[in-house]
Number of protein chains: 2
Amino acid sequence: METPVCTDATTADLPFDVFARACPSRETLEHVTGRWGSLTVGALRDGPCRFNELRRRVEGVSEKMLSQTLHALERDGIVHREAQPTNPPRVDYELTPLGREVADRLLSLIHFLEGSMDEVLVSRRSYDTARGGR
Amino acid sequence: METPVCTDATTADLPFDVFARACPSRETLEHVTGRWGSLTVGALRDGPCRFNELRRRVEGVSEKMLSQTLHALERDGIVHREAQPTNPPRVDYELTPLGREVADRLLSLIHFLEGSMDEVLVSRRSYDTARGGR
DNA sequence: CGGCATCCTGTTTGATACTG
DNA sequence: CAGTATCAAACAGGATGCCG
């Protein structure tokens, strides 16, 4: 008695609908847009990268969160992990072809936002002053 | 290589860099890509919408979270709130021009992911079986 | 270097109840 | 209808320690 889970209502004809409660696409969207997911994917668009360099690119991420984020992205097929059994170990992460498509769309959003921050900041100030002490 | 907070290192010449620790663009990105933020913005791209209808479009969101999400988006200038002092009250939410630009980029990502879920699901299965019980 | 396991805390979230 | 208030539960995230 599975509910038809992902019968699309908004965009028609796609089997997956992120707006539907239990659609797996929602999980993937969260992996990709999550706090660290978006930055990780975005950072990897600059090229393959080792664990600790990635950590440096994504300022503020902890080892644990980066590790966790990378696992989720690897599982979804967004990121490829290449480990060399050398000593000390060397592991490179890179975007898959799918991941690159995702990254491009994400970066389009990110760059747009970066370029709109002046406007955002103005909006914030007027919002805040409009309801001053509250 | 210090940290003048928002000196862009990756894309050059933009004053805001989401990869930098304390850049305000990171907050906005989180509002927009957050668990409910992305779905709310995406849902509003279908047109202005009252509170409870929005709740229905974004399956699974609670009143509290939707309210909170909308406030953050309104403050950032992504969403406009239009309240009529009637009884019962009627409040319409809609995207600002800025919000529409954001929504378009977000939906591009969302639709791409929805269309890639078969691939994602295959990747998940092989990842899971590759490390079976563990 | 590139992790994983554990512990522990603060934030986020979701029900529930209540208001104008 | 359109929210706010409150409280408990869940989870994210940091710190630390260990290992190949």
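Below, chain A is the first sequence line, B the second, and so on; all start at residue 1. Computed from a prediction, not measured in an experiment: that's the story for all the values here.
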For [X] and [N], give me the distance from atom [atom1] to atom [atom2], rounded to whole Å.
X: E59(B); N: dG14(C); atom1: CD; atom2: P; answer: 14 Å
X: L70(B); N: dA2(D); atom1: CG; atom2: P; answer: 11 Å
X: L54(A); N: dG3(C); atom1: CG; atom2: P; answer: 10 Å
X: R56(A); N: dG2(C); atom1: CZ; atom2: C1'; answer: 12 Å
X: E27(B); N: dT12(C); atom1: CD; atom2: P; answer: 12 Å
X: R55(A); N: dG3(C); atom1: CZ; atom2: P; answer: 12 Å
X: R90(B); N: dC1(D); atom1: CZ; atom2: P; answer: 12 Å
X: L66(A); N: dG2(C); atom1: CG; atom2: C1'; answer: 11 Å

Look at [X] and [N] and indicate whether a side-chain polar atom (N or O) is within less than 4.0 Å of OP1 or OP2.
X: H71(B); N: dG3(D); answer: no
X: R50(B); N: dA2(D); answer: yes
X: R81(A); N: dG3(C); answer: yes

Please round to the nearest 0.5 Å and tell me the distance separating atom [atom1] of [X] and atom [atom2] of [Y].
X: L95(B); Y: R45(B); atom1: CG; atom2: CZ; value: 6.5 Å
X: L121(B); Y: S116(B); atom1: CG; atom2: OG; value: 11.5 Å
X: L109(B); Y: L107(A); atom1: CG; atom2: CG; value: 10.5 Å

Worksheet item: Within 45° of the axis and under 6.0 Å from the centre of the six-membered ring of Y127(A), does NZ or CZ of R131(A) qualify?
Response: yes

Worksheet item: What residues, two or more places apart in sequence or in another chain, satisfy side chain to side chain contact (heavy atoms under 4.5 Å, CB included) together with V61(A)?
Response: W36(A), R55(A), V58(A), M65(A), L66(A)

Worksheet item: Between dC1(C), dG3(C), dG3(D), which one does the side chain of Y93(A) approach most closely?
Response: dG3(C)

Practice prompt. May I ask you to decide whether R26(B) forms a salt bridge with E30(B), counting only side-chain N to carboxylate O separations under 4.0 Å?
Written response: no

Discussion item. Any salt bridge linking E94(B) with R50(B)? Criterion: basic side-chain nitrogen under 4.0 Å from a carboxylate oxygen.
Written reply: no

Worksheet, complete the sentence: Letter by letter from the 5' end, nucleotides 13-20 of chain D scores (B base, S sugar-phosphate only, - none; protein heavy atoms under 4.0 Å) BBB----B

